[in-house]
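Only one structure is covered here, and it is reproduced in the block below.
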Amino acid sequence: MENRNKDHNRILILADFSEGNQAAVDFAMNYLFTKDSKIYFIQTWQKPSYGASMVRDLAPILKDISKRELNALKADVVKNYHLDPTDVELISYEGELTEYFNTDIYKQHSWQVVFALNELHNELHFNPRFKNIIASVNQPLYVLNNCKPWANVKSIYISNSNSKVSESILVPLQKICTNQKCKVHIGLDINDISIHDKAKLVKLYSASCHDATLRFENLTKNHKPDLTRNDCMLWIYNEKKTEIEEKNLISYFDKWFVKSKGITVGNF
């Protein structure tokens, strides 16, 4: 891993996915937050690309909306989880999320990134924008799907395409498996991992998931969710994500993005 500033545990919640914010906050507070943690909410906004005078009129309004929504999120989390206001930082960023992930302030620190979607059986592989977000995070990533606030996670899908695991994901994984009875599916790219490395990964994950039903799968073939309507599912991604991993997550979430943002992509 790169040499990053580890002054505290930085938890970044992507507030652009507004309908899942409460679930993301609840997950972050229950499983990621520690006494040295700081919560960051980021919401993006962009200047309209049409009409110079229109841009001048709308840009301050859009920026103000972003800031007001972020302040409301901060007020809620401070009140509901009894945090000090200094434990919560707000980022109103002009531009695409992928651009923020390339900034020095992001790349120079270690983060745990969280967002939540409230849809089931989605198809994201047609959406290049979402694919870019997933690929650009390049940090431990937690994606909740079909999860209501305070709901139990029914299934956890972890993609591990190389011989290493991000240590920061093992502690929250152990907390979840201790507190809840869930199924954990771990996808390994068995074609590129030696027997020795595979055994080491199995040992690490088994130690963290000893209270859960644990299953190791071939990442390239059968590492796909099979959910019922009431399932709350969590994807956990290590720092480095391969193209195969991205496609697995992307194919799962595309329909949500198309539906919620009113975008017509591919066959939708």
Side-chain angles (χ1 to χ4, degrees), residues 1-18 20-25 27-29 31-49 55 59-78 81 83-117 128-144 164-169 171-172 235-242 245-246 249 257:
M1 181 173 140
E2 297 169 19
N3 211 359
R4 294 180 178 134
N5 186 342
K6 295 188 177 181
D7 50 342
H8 55 247
N9 178 28
R10 293 172 174 245
I11 302 168
L12 182 64
I13 297 177
L14 309 186
D16 278 11
F17 307 98
S18 57
N21 282 340
Q22 188 56 62
V25 169
F27 173 82
M29 294 305 303
Y31 299 113
L32 304 180
F33 193 85
T34 60
K35 64 180 181 179
D36 65 338
S37 295
K38 182 167 284 193
I39 297 283
Y40 292 78
F41 288 105
I42 182 169
Q43 187 175 69
T44 62
W45 64 278
Q46 298 184 57
K47 293 178 180 178
S49 58
V55 169
I61 297 173
L62 295 174
K63 185 176 182 179
D64 183 62
I65 290 172
S66 172
K67 289 184 175 180
R68 283 191 280 113
E69 290 180 351
L70 287 172
N71 279 314
L73 277 172
K74 179 174 181 175
D76 284 345
V77 74
V78 167
Y81 297 94
L83 296 181
D84 189 293
T86 60
D87 291 333
V88 183
E89 297 284 345
L90 304 178
I91 305 169
S92 179
Y93 183 76
E94 179 187 352
E96 291 277 355
L97 267 174
T98 50
E99 295 172 5
Y100 180 76
F101 297 139
N102 287 318
T103 62
D104 289 340
I105 189 65
Y106 178 80
K107 292 192 293 185
Q108 290 174 1
H109 294 278
S110 294
W111 305 82
Q112 299 198 75
V113 183
V114 186
F115 68 95
L117 309 174
R129 180 183 182 273
F130 210 95
K131 178 178 180 179
N132 288 338
I133 290 173
I134 295 165
S136 299
V137 168
N138 204 30
Q139 303 258 11
L141 172 64
Y142 305 84
V143 183
L144 294 124
K164 297 181 181 179
V165 57
S166 303
E167 291 185 10
S168 59
I169 75 171
V171 173
W235 283 92
I236 301 179
Y237 277 79
N238 284 284
E239 290 176 57
K240 304 297 183 182
K241 292 174 286 298
T242 67
E245 291 177 288
E246 292 161 16
L249 183 59
F257 193 86

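Everything numeric here is computed off the predicted structure, so don't read it as measured data.
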(request) To the nearest 0.5 angstrom, please state how far the CG atom of Leu14 sits from the CG atom of Leu141. (result) 8.0 Å
(message) Are more than 12 heavy atoms, taken from residues, nucleotides or ligands other than Glu167, located less than 6.0 Å from that residue's CD atom?
(response) no
(request) Would you confirm whether the ring centroid of Trp111 sits within less than 6.0 angstrom of the ring centroid of Tyr40? (result) yes
(request) Drop me the distance from Ser110's OG to Arg10's CZ, to the nearest 0.5 angstrom. (result) 9.0 Å
(message) Could you measure the distance from the CG atom of Asp76 to the CG atom of Leu83? Nearest 0.5 Å is fine.
(response) 11.5 Å
(message) Is there a side-chain contact between Phe115 and Ile13 in this structure, where contact means two heavy atoms from C-beta onward sitting under 4.5 Å apart?
(response) no
(request) Looking only at non-hydrogen atoms, find the nearest pair between Gln112 and Leu32 and report the distance. (result) OE1-CD2, 3.6 Å
(request) Nearest 0.5 Å please: distance from the CG atom of Asn102 over to the NZ atom of Lys107. (result) 5.5 Å
(message) Could you measure the distance from the CD atom of Gln43 to the CG atom of Leu97? Nearest 0.5 Å is fine.
(response) 9.5 Å
(message) Show me the pairs that pass salt bridge (charged side-chain N to carboxylate O under 4.0 Å, His left out) and involve residues 61-70, at least two apart or across chains.
(response) Asp64-Arg68
(message) Under the rule for side chain to side chain contact (heavy atoms under 4.5 Å, CB included), what residues qualify as partners of Thr34, not counting sequence neighbours?
(response) Asn9, Asp36, Ser37
(request) Check whether any side-chain N or O of Gln139 sits under 3.5 Å from a backbone N or O of His109 as a donor-acceptor pair, and report yes or no. (result) yes
(message) I need the minimum non-hydrogen distance between Ala28 and Ile11, along with the two atoms involved.
(response) CB-CG2, 3.9 Å
(message) Check whether Lys74 reaches the backbone of Val88 with its side chain - one donor and one acceptor, N or O, closer than 3.5 Å.
(response) yes
(request) Using side-chain contact (heavy atoms from CB on, under 4.5 Å) as the criterion, point out the one residue from Asp16, Val77, Leu73 that pairs with Asn21. (result) Leu73
(request) With sequence neighbours left out, write down each residue that passes ring pair (Phe, Tyr, Trp, His ring centres under 6.0 Å) with Tyr142, or none if nothing qualifies. (result) Phe27
(request) For residues Trp235 and Leu144, determine if any side-chain heavy atom of one lies less than 4.5 Å from a side-chain heavy atom of the other. (result) no
(request) Return the set of residues passing side chain to side chain donor-acceptor pair (under 3.5 Å) with Asp104 (not counting sequence neighbours), or none when no residue passes. (result) none
(request) Report the distance from atom CD1 of Ile42 to atom CD1 of Ile91, rounding to the nearest 0.5 Å. (result) 5.0 Å
(request) Verify side chain to side chain contact (heavy atoms under 4.5 Å, CB included) between Thr44 and Tyr100, making sure each step is shown before the conclusion. (result) CA-CA 9 Å; Thr44 62; Tyr100 180 76; 5.9 Å; no
(message) Tell me the closest heavy-atom pair linking Gly20 and Ala116, and the distance in Å.
(response) O-CB, 3.2 Å
(message) Can you confirm whether Pro140 sits close enough to Tyr237 that some side-chain heavy atom of one is under 4.5 Å from a side-chain heavy atom of the other?
(response) no
(message) With a 4.5 Å cut-off on side-chain heavy atoms, are Leu90 and Asn71 touching?
(response) yes
(message) According to ring pair (Phe, Tyr, Trp, His ring centres under 6.0 Å), who are the partners of Phe101, at least two apart in sequence or on a separate chain?
(response) Tyr106
(message) Can you list everything that forms a salt bridge (charged side-chain N to carboxylate O under 4.0 Å, His left out) with Glu99? Sequence neighbours excluded, please.
(response) none
